[in-house]
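Input: a single structure, listed below in structure tokens.
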Amino acid sequence: MAYGVTDGQPMVRTRFAPSPTGELHIGSVRTALFSWLAAKHAGGQFYIRLEDTDQERYVAGSTRRILETFDWLGIRLDGGPDHATLRRMKTDEDYPGALEDGSYQGIPGPFIQSQRLPVYQQWAGWLIEHGYAYRASETAEEIEHMRAEAMARKETFRFREEMRLRTDVRPDEPHVVRMRIVPRQGVTRFHDLVKGDVAFENANLDDQVLIKADGFPTYHLAVVVDDHLQGVSLALRGDDWLSSAPKHVLLFQYFGWDMPQLAHVPNVLGDDSRKLSKRHGATSVFELRDQGYLPEAVINFLSLLGWAPGEGDEQNVFTIPELISKFDVNHIGSSPAVFSPTKLDWLNGVHIRRLSEDDLTQRLIPIVREAGIALDTAEQLDKLRRAVPLIQERMKTLLDAVPLIDFMFFDIAVPTREALTGQKMDEAESLEALRQTRDLLAQLPEFENAPMEQAMRALADRLHLKPRQLFTIVRNAVTGKDVTPPLFGTLSVIGRAATLQRLDRAVGVLER
RNA sequence: GCCCUCAUCGUCUAGUGGACCAGGACGCGGCCCUUUCAAGGCCAAAACAUGAGUUCGAAUCUCAUUGAGGGCACCA
């Protein structure tokens with residue numbers, strides 16, 4: 001397992017290597033999470049490397065978005081950006097300085113592949129010198145033509161050295177560098193931590209382009225060179241890479257470098273068991289964040305997509321430290337997992353309930369403000385603070401808080417007569433009940449939960465009403481809703497003045 | 001077409017030849033608690049894709065079939 005060596009100690013080092021081509025997909029985030037957990041479990045390092053070798057697909061600002069994703073999740077990188085700087089950046093800025101640094105925590109940089117071009121050129125040259133690669137100058141059109149001919153013969157097209165139109169390509173003329181498959185026959189095998197032993201016939205591998213005509217490396221060269229130079233001991237990636245893995249294995253062999261351990265993790269699928277896409281709602285963690293999910297819950301949920309502690313351990317709810325201590329790459333499942341919004345909801349509720357009241361209050365503040373509820377005065381903040389214990393176990397997402405508390409801050413619409421008339425009661429009875437409630441609450445020495453409940457139960461008794469009959473009309477009168485947090489705690493947050501005022505108004509409605 | 005991968009309740013999964021007429025979790029249904037809604041507790045329904053084979057014995061091993069996914073770029 002140990003591959004890199006730091007200070008004489010074996011070191012597990014993993015990386016996440018996205019392309020800056022837009023929003024980070026949930027499946028990619030999960031792969032990154034697995035990588036991070038694997039590293040942290042072993043006390044190792046996790047870093048990020050930007051694979052921007054395709055200039056055409058580059059999307060401005062995506063590097064920043066990628067780094068923000070990790071920042072929000074609470075995943076700290078052992079190589080990469082400074083989080084404080086990151087938070088100060090503007091949206092359209094990209095490439096934070098820390099990623100460009102020469103090295104970080106002993107990991108040699110830069111961490112942006114476009115800044116490592118000479119490195120790839122150097123190693124491509126080495127391959128050519130040692131007979132593992134060659135120059136080729138066929139144009140895209142020529143290749144396309146060859147492909148069409150092969151298809152006409154119903155053959156699978158693979159570019160091979162023998163198919164070159166021009167041999168003896170000079171280094172100074174436009175060309176690409178292609179890898180030679182050596183040996184041409186035979187089988188390339190490797191062990192994948194997730195997929196097990198995998199074997200590919202060399203005859204089915206083509207002479208992959210390693211350096212493009214623009215001088216940029218392809219993924220295949222860059223990933224091998226960087227993983228080696230940066231001391232990656234365990235490489236996790238999506239299983240769509242499995243088919244090209246044998247080429248990477250061959251390159252490692254050509255170079256004479258030790259292979260990192262490979263783990264190809266399955267995709268995350270959407271509700272319809274198809275690949276997750278925009279049509280499935282949440283496709284980036286920012287959407288989840290905006291929908292009121294906690295990073296703790298997202299991490300917990302994602303870790304369970306394709307991984308389980310195994311060995312009879314049936315735990316489902318994990319803190320991040322628990323995940324770090326229990327995570328094991330060998331327990332990653334080999335089949336794709338479906339993203340289940342309902343399970344995420346449940347886990348989010350669980351993690352919300354685990355928060356301290358203070359913590360939850362802090363997280364609610366921006367959301368409540370966003371909903372248009374002012375929290376500028378100490379009094380308003382105190383109201384929220386007092387409401388939190390009443391709503392904590394009633395939320396699946398942070399957004400759920402808003403309808404649970406808005407009436408504590410805003411006045412409500414005038415209730416209808418129907419809403420103020422209790423079950424199996426007529427309007428006169430209901431009116432009398434509300435009047436007596438009003439008088440009772442006006443005289444109550446302490447406008448607090450317990451004494452209020454005691455007095456109100458006694459009142460219901462005197463009126464020969466069931467608590468439910470009385471409480472329901474009081475709830476409607478004061479909150480304007482038939483679903484609220486527990487009534488008396490709620491009234492106490494609303495305060496005596498507003499409560500009495502709303503009761504008076506309700507009495508007025510029935511008197512009319 | 002060729003190559004590769006995958007296949008246990010609706011979903012996430014446990015399970016590595018006997019302890020499995022398959023365990024847990026979400027969701028669903030019911031009950032309890034209860035001022036509404038939640039939370040919590042209890043109970044229930046619900047799966048080894050199919051077919052051969054190996055074996056005294058298979059969810060677990062092998063093969064085939066079917067289905068699903070991925071790859072076959074000077075994209076990652």
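Keep in mind the model is a prediction, meaning the values are calculated, not measured.
Checked by atom type, the side-chain pair Asp226(A)/Gln113(A) shows a donor-acceptor distance below 3.5 Å. Looking only at atom types and distance, the side chain of Gln315(A) has a donor-acceptor partner in the side chain of Glu322(A) under 3.5 Å away. In summary, the side chains of Ser430(A) and Arg417(A) do not present any donor paired with an acceptor at a separation below 3.5 Å, with no hydrogens or angles considered.
Across the strands present, C26(B) finds its partner in G10(B); the criterion is a Watson-Crick or G-U wobble pair with both atom distances under 3.5 angstrom. The partner of A68(B) is U5(B), judged by Watson-Crick or G-U wobble contacts that both fall below 3.5 Å. Both distances falling under 3.5 Å, in either a Watson-Crick or a G-U wobble arrangement, place G40(B) opposite C32(B). As the counterpart of G53(B), C61(B) is assigned, both hydrogen-bonding distances of the Watson-Crick or G-U wobble pattern falling under 3.5 Å.
Among the heavy atoms of the strands, none lies under 4.0 Å from Glu144(A). Using a 4.0 Å heavy-atom cutoff across all strands shown, Pro486(A) reaches at least one base atom of the nucleic acid. Among the heavy atoms of the strands lying under 4.0 Å from Pro217(A) are primed sugar atoms or P, OP1, OP2 only; no base atom is included. Within the nucleic acid shown, Val176(A) comes within 4.0 Å of at least one base atom, counting heavy atoms only. In this structure, Lys481(A) reaches neither bases nor backbone, as no heavy-atom distance under 4.0 Å exists between it and the strands shown. Among the atoms of the strands shown, only primed sugar atoms or phosphate atoms (P, OP1, OP2) are found under 4.0 Å from some heavy atom of Phe200(A). When heavy atoms are screened at a 4.0 angstrom cut-off, Asn204(A) is found touching the sugar-phosphate backbone but no base atom. Across all strands, Ala213(A) comes closer than 4.0 Å to base atoms (heavy-atom distances). Among the protein residues, Gly306(A) comes within range of the sugar-phosphate backbone only, with heavy atoms under 4.0 Å from sugar or phosphate atoms but none that close to a base. In this structure, Lys154(A) reaches neither bases nor backbone, as no heavy-atom distance under 4.0 Å exists between it and the strands shown. Using a 4.0 Å heavy-atom criterion, one finds that Pro485(A) contacts the bases of the nucleic acid, with or without backbone contacts as well.
Between G30(B) and G51(B), the distance separating the two C1' atoms is 40 Å to the nearest Å. Straight-line distance between the P atoms of A52(B) and U60(B): roughly 14 Å, to the nearest whole Å. Taking atom C1' on both nucleotides, C12(B) is separated from G27(B) by 11 Å, rounded to a whole Å. Only the C1' atoms considered, G18(B) is 46 Å distant from A38(B), to the nearest whole Å.
Each of Arg394(A) and Thr139(A) was matched to the nucleotide of RNA chain B holding its nearest heavy atom; the match closer to the 5' end belongs to Arg394(A). Nearest-nucleotide assignment on RNA chain B puts the 5′-proximal partner with Asp197(A), out of Arg475(A) and Asp197(A).
Distance Leu304(A) CG to C12(B) C1': 7 Å, rounded to the nearest Å. One interatomic measurement links the two molecules: CD of Glu201(A) to P of C2(B), which rounds to 14 Å at whole-angstrom precision. Distance Asp192(A) CG to C4(B) C1': 12 Å, rounded to the nearest Å. In this structure, the CG atom of Asp400(A) is 16 Å from the P atom of C37(B), given to the nearest Å. Note: CD (Glu311(A)) to C1' (G23(B)) measures 15 Å, nearest angstrom. A straight line from CZ of Phe190(A) to C1' of U5(B) spans 10 Å, rounded to a whole angstrom. Rounded to whole angstrom, the span from the CG atom of Asp240(A) across to the P atom of C3(B) amounts to 20 Å. For the pair Asp226(A) CG and A76(B) P, the computed distance is 13 Å after rounding to whole Å.
Considering only side-chain atoms of Thr342(A), the nucleotide from A73(B), A39(B), C26(B) that sits closest is C26(B). Considering only side-chain atoms of Ser19(A), the nucleotide from U35(B), C6(B), A76(B) that sits closest is A76(B). Of the listed nucleotides (C12(B), U35(B), C75(B)), C75(B) has the atom at the smallest distance from the side chain of Arg57(A). Closest to the side chain of Pro467(A), from the set U11(B), U35(B), A25(B), is U35(B). Closest to the Glu314(A) side chain, of the nucleotides A76(B), U35(B), G24(B), is G24(B). Listed nucleotides: C6(B), G24(B), G69(B). Nearest to the side chain of Ser335(A): C6(B). Of the candidates C4(B), U36(B), C74(B), U36(B) carries the atom nearest the Thr484(A) side chain, counting heavy atoms from C-beta on. The side chain of Ser334(A) sits closest to C6(B) out of C6(B), U13(B), U35(B). Ranking U35(B), A25(B), C6(B) by closeness to the Thr472(A) side chain, first place goes to U35(B). Of the candidate nucleotides C6(B), U5(B), C37(B), C37(B) has the atom lying nearest to any side-chain atom of Val483(A).
Note on Thr53(A): a side-chain N or O is less than 4.0 Å away from OP1 or OP2 of A76(B). Listed pair Arg353(A) / G40(B) meets the phosphate criterion, a side-chain N or O lying under 4.0 Å from OP1 or OP2. Close to U13(B), at under 4.0 Å from its OP1 or OP2, lies no side-chain N or O of Lys343(A). Here Lys212(A) does not reach the OP1 or OP2 of A73(B): none of its side-chain N or O atoms lies under 4.0 Å away. Look at Arg158(A) and you won't find any side-chain N or O under 4.0 angstrom from OP1 or OP2 of C72(B). Within the 4.0 Å cut-off from OP1 or OP2 of U34(B), not a single side-chain nitrogen or oxygen of Arg468(A) is found.
With a 6.0 Å cutoff to the six-membered ring centre and a 45° limit on the axis angle, Arg178(A) counts as a cation-pi contact of Phe159(A).
Using a 4.5 Å heavy-atom cutoff, the side chains of Ser35(A) and Leu234(A) are not in contact.
His248(A) pairs with exactly one of Phe190(A), Phe200(A), Tyr219(A) by the ring pair (Phe, Tyr, Trp, His ring centres under 6.0 Å) rule, that one being Tyr219(A). Partner Asp207(A) forms a salt bridge (charged side-chain N to carboxylate O under 4.0 Å, His left out) with one of Arg164(A), Lys247(A), Arg184(A) and no other, that one being Arg184(A).
More than 12 heavy atoms of other residues, nucleotides or ligands shown are found within 6.0 angstrom of CZ on Arg153(A).
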Evaluate the ring-ring contact (aromatic ring centres under 6.0 Å, His included) criterion for residues Phe70(A) and Phe16(A): first the C-alpha distance (whole Å), next the side-chain angles of each, then the deciding distance (0.1 Å), finally the verdict. CA-CA 11 Å; Phe70(A) 290 98; Phe16(A) 178 58; 5.6 Å; yes

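Side-chain to base pairing of Ser243(A) with G70(B): one donor and one acceptor N or O lie within less than 3.5 Å of each other.
Between the CZ atom of Arg386(A) and the CD atom of Glu357(A) there is a distance of 12.0 Å, given to the nearest 0.5 Å.
Phe34(A) and Phe327(A) have tilted rings, their planes meeting at an angle from 30° to 60° on a 0 to 90° scale.
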Summarise how protein sits on nucleotides 42-49 of chain B as a single string, 5' to 3': B when a protein heavy atom is under 4.0 Å from the base, S for sugar-phosphate-only contact, - for no contact. --------

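Taking the centre of each ring, Phe339(A) and Phe301(A) come in below the 6.0 Å mark.
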